[in-house]
Amino acid sequence: MTGNSPAAVALRKLAHSRSALIGVGLCAAFAMMALLAPWLAPYSYKKLDLAHRLMAPGQMGHWLGTDNLGRDLLSRLIYGSRVSLAVGIFSVSISLIVGVPLGALAGYAGRWIDSVIMRAMDLLLAFPSILLAITIVTVLGNDLKNAMIAVGVVGIPVFARITRASVISVKELEYVQAARTIGCSPARILTVHILPNCANPLIVQATLSLGTSVLDAAGLSFLGLGARPPTPEWGTMLGDTYRYYDQAPWLVIGPGLAILAMVLGFNLLGDGLRDALDPKTKEE
Amino acid sequence: MEAPVKQVLLTRLGQIVPVLFGISLLVFLMLRLIPGDPVKIMLGERASPAEVEHLRQELGLDRSLPVQYLGYAGQLLQGDLGRSILRNTRVSEDLGRAFPATIELACAAMVIAVVIGVGLGSLAAVKRNTWWDSLCGTLSLLGVSMPIFWLGLVLLLIFPAGLGWFAFSGRTDLSFPHPTGFYVIDALWSGSWTNLLDVLNHLMLPAVTLSTVPMAMIARMTRSALIDVLSQDYIRLARAKGLPWLRVWWRHAVPNAMIPVVTVIGLQFGYLLGGAVLTESVFEWPGLGKLVVEAVRTRDYPVVQGGILLIAITFCLINVLVDLLYAWLDPRVKQP
């Protein structure tokens with residue numbers, strides 16, 4: 001990490017922040033867990049074993065115990081990291097793919113296009129996020145795919161606003177005017193000259209949004225409006241088994257801690273990236 | 001009313017009209033966008049053709065879209081939100097019963113969030129770069145990263161199940177009259193301490209659960225606003241001329257630091273309406289959130305539409321109130 005390029009400086013700042021490193025560590029651990037799930041999980045995540053239901057942690061080789069249908073909790077948590085990471089990445093991709101072009105168009109075109117797009121975004125922001133997600137799931141139907149779409153749509157206005165603000169601050173700079181004078185098309189100016197210079201706030205927001213998407217999707221699944229059993233989604237696992245909390249408290253503790261750790265990882269990484277990408281913070 | 005506040009009020013009320021129109025349009029379209037025949041989905045496969053036709057007419061689905069919307073908007077303006085498919089009750093009455101429960105829960109959560117959030121944030125600002133500051137930072141981070149439905153379950157596990165403290169679910173175990181629907185007020189009105197204690201016993205855990213996210217945001221904002229204010233020249237002057245610390249704090253630092261904090265408090269109040277959906281489901285709290293979620297599960301669409309409409313409108317009105325409060329608190333806000 002030598003050199004003075006903005007990326008090298010940002011990486012060095014990130015490497016010197018203890019909290020950001022914890023975030024990187026947590027995210028990397030979950031990514032590895034998701035990739036290596038078939039090798040890491042000691043049992044199948046869906047095989048029922050009613051003879052050994054609600055077993056306490058540590059018994060019969062079940063390190064974290066078993067659930068109400070005798071399935072190994074540790075294996076389900078490990079496979080659950082795949083679902084939650086996929087939910088986060090898929091939802092944030094929807095928010096980015098729709099929100100960034102809308103925001104860029106609003107910021108670059110201005111006038112009535114700006115007004116129409118931003119009023120539509122205001123309308124989406126007029127609903128509390130989980131309620132908007134519930135509305136969308138009601139229309140599309142309750143399953144994991146629709147929950148991911150709903151959480152993605154909820155995130156669109158945030159990305160549109162950030163992109164619009166960045167585009168407005170960049171579009172009158174000299175290098176953009178120069179591109180305009182030599183006859184570049186608006187599409188080329190936007191994609192080649194403006195958007196790459198708006199990337200920093202979007203990278204930070206995307207990382208933080210991964211956390212909120214995982215939380216929102218887990219909330220929907222907990223309410224029975226997202227992933228369906230036997231999918232090992234952490235929110236669904238909590239929603240399915242919390243009624244057994246007096247007999248098997250480990251069924252409540254495990255999935256919740258997993259959600260907390262993953263969201264914490266994304267939030268720490270997002271905060272770290274914000275500081276690292278901000279030219280005003282000094283390198284230690 | 002002061003001139004800037006009045007101006008902000010008029011501008012914001014002007015801006016809110018198209019948003020309210022948009023909300024009503026979205027909620028109206030919701031039923032029409034559902035793939036398949038919503039009437040058959042609501043009534044189930046066994047419904048007779050006559051029943052299907054009757055409900056279709058009742059919901060106005062046999063007319064053209066613009067006519068349907070005009071009819072819907074007309075009914076809304078009269079406060080008619082239709083009837084629940086499942087219970088055949090008036091949706092407006094169902095919402096009227098659930099609304100005070102949600103508002104009471106949100107207010108209780110906000111009181112906890114403000115008291116602890118402002119306290120923690122102030123402590124972190126005064127004891128900057130000490131372990132108090134780190135503790136406050138860690139708690140705020142945990143607060144925004146924690147799934148609140150899980151926190152609710154853990155609190156249930158520790159308190160009612162483990163220690164036998166507080167109630168598991170519901171709003172009260174006793175029967176007393178509820179003229180307002182706000183049980184704390186009703187219990188006070190009944191003049192019985194037993195009633196009040198029972199209501200608070202039920203309210204405590206859901207309110208603490210719901211308060212975590214706003215508490216974390218308020219603590220963060222209080223810390224950064226106070227650090228900013230404490231480094232200003234007027235604070236240094238107040239200290240230099242020998243004012244007691246408490247007076248500097250109370251008269252000069254806190255009022256100036258509170259302006260951004262109040263904005264966060266207002267915005268977070270809107271969040272509480274959303275967070276209540278999850279909290280109410282955990283604690284079986286008979287509020288709007290639980291009503292909407294159950295209606296989604298049972299496909300009772302008129303209730304879903306009414307609930308979403310009411311929450312979204314309340315959310316918008318709270319945002320207008322926050323802007324007014326901001327204009328009233330900050331004399332610099334001359335123009336909205």
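Letters A, B, ... mirror the listed sequences (proteins, then strands); counts begin at 1.
- Only the side chain of A:D271 comes within contact range of chain B, with heavy atoms under 4.5 Å apart.
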**Item:** Stepwise side-chain contact (heavy atoms from CB on, under 4.5 Å) test for B:L29 and A:V139
**Value:** CA-CA 10 Å; B:L29 283 176; A:V139 173; over 6 Å; no
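- Heavy atoms of A:I136 lying under 4.5 Å from chain B are absent altogether.
- For the pair A:N267 and B:L141, the minimum side-chain heavy-atom distance is below 4.5 Å.
- Distance check: A:T135 OG1 to B:M30 CE gives 5.5 Å after rounding to the nearest 0.5 Å.
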**Request:** Dump the intermediate steps for side-chain contact (heavy atoms from CB on, under 4.5 Å) on A:L260 and B:L142, then the final yes or no.
**Result:** CA-CA 8 Å; A:L260 173 63; B:L142 283 177; 4.2 Å; yes
**Message:** Run the side-chain contact (heavy atoms from CB on, under 4.5 Å) test on A:I253 and B:L157 for me, step by step, so that the C-alpha distance in whole Å, both residues' side-chain angles and the decisive distance to 0.1 Å come before the verdict.
**Reply:** CA-CA 10 Å; A:I253 306 296; B:L157 209 62; 3.9 Å; yes
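- Of all non-hydrogen atoms in A:L123 and B:V19, the two that sit nearest each other are CD1-O, 3.6 Å.
- With chain A as partner, the option from B:P147, B:A161, B:G22, B:A312 having the largest number of non-hydrogen pairs under 4.5 angstrom is B:P147.
- For the options B:V154, B:I23, B:L273, heavy-atom pairs under 4.5 Å to chain A are most numerous at B:I23.
- The candidate from A:I134, A:V137, A:L268, A:L257 with the greatest count of non-hydrogen atom pairs under 4.5 Å with chain B is A:L257.
- A 4.5 Å side-chain heavy-atom check between A:F127 and B:L26 finds at least one atom pair inside the cut-off.
- Between A:L215 and B:F149 the shortest side-chain heavy-atom distance does not fall below 4.5 Å.
- Only the side chain of B:V293 comes within less than 4.5 Å of a heavy atom of chain A; its backbone N, CA, C and O stay farther away.
- The choice from A:S129, A:G265, A:A218 that makes the most heavy-atom pairs within less than 4.5 Å of chain B is A:A218.
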**Message:** Quick one, A:L131 with B:F315, criterion side-chain contact (heavy atoms from CB on, under 4.5 Å). Give me CA distance, side-chain angles, the key distance, then yes/no.
**Reply:** CA-CA 11 Å; A:L131 195 76; B:F315 189 57; over 6 Å; no
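- Atom-to-atom distance recorded for A:F222:CZ and B:S281:OG is 7.0 Å, nearest 0.5 angstrom.
- Residue contact with chain B, scored on non-hydrogen atoms closer than 4.5 Å, involves the side chain of A:L225 exclusively.
- Applying the 6.0 Å contact sphere to CE of B:M217 captures no more than 12 heavy atoms from other residues, nucleotides or ligands.
- At a threshold of 4.5 Å between non-hydrogen side-chain atoms, the residues B:W150 and A:L238 count as touching.
- Expressed to the nearest 0.5 Å, how far OG1 of B:T138 lies from CG of A:L264 amounts to 9.5 Å.
- To the nearest 0.5 Å, atoms OH (A:Y245) and CG (B:L156) are separated by 5.5 Å.
- Heavy atoms of A:I130 lying under 4.5 Å from chain B belong exclusively to its side chain.
- To the nearest 0.5 Å, atom CG of residue A:L223 and atom NZ of residue B:K290 are 11.5 Å apart.
- Residues A:G219 and B:L278 share a closest heavy-atom pair of O-CD2, 3.6 Å.
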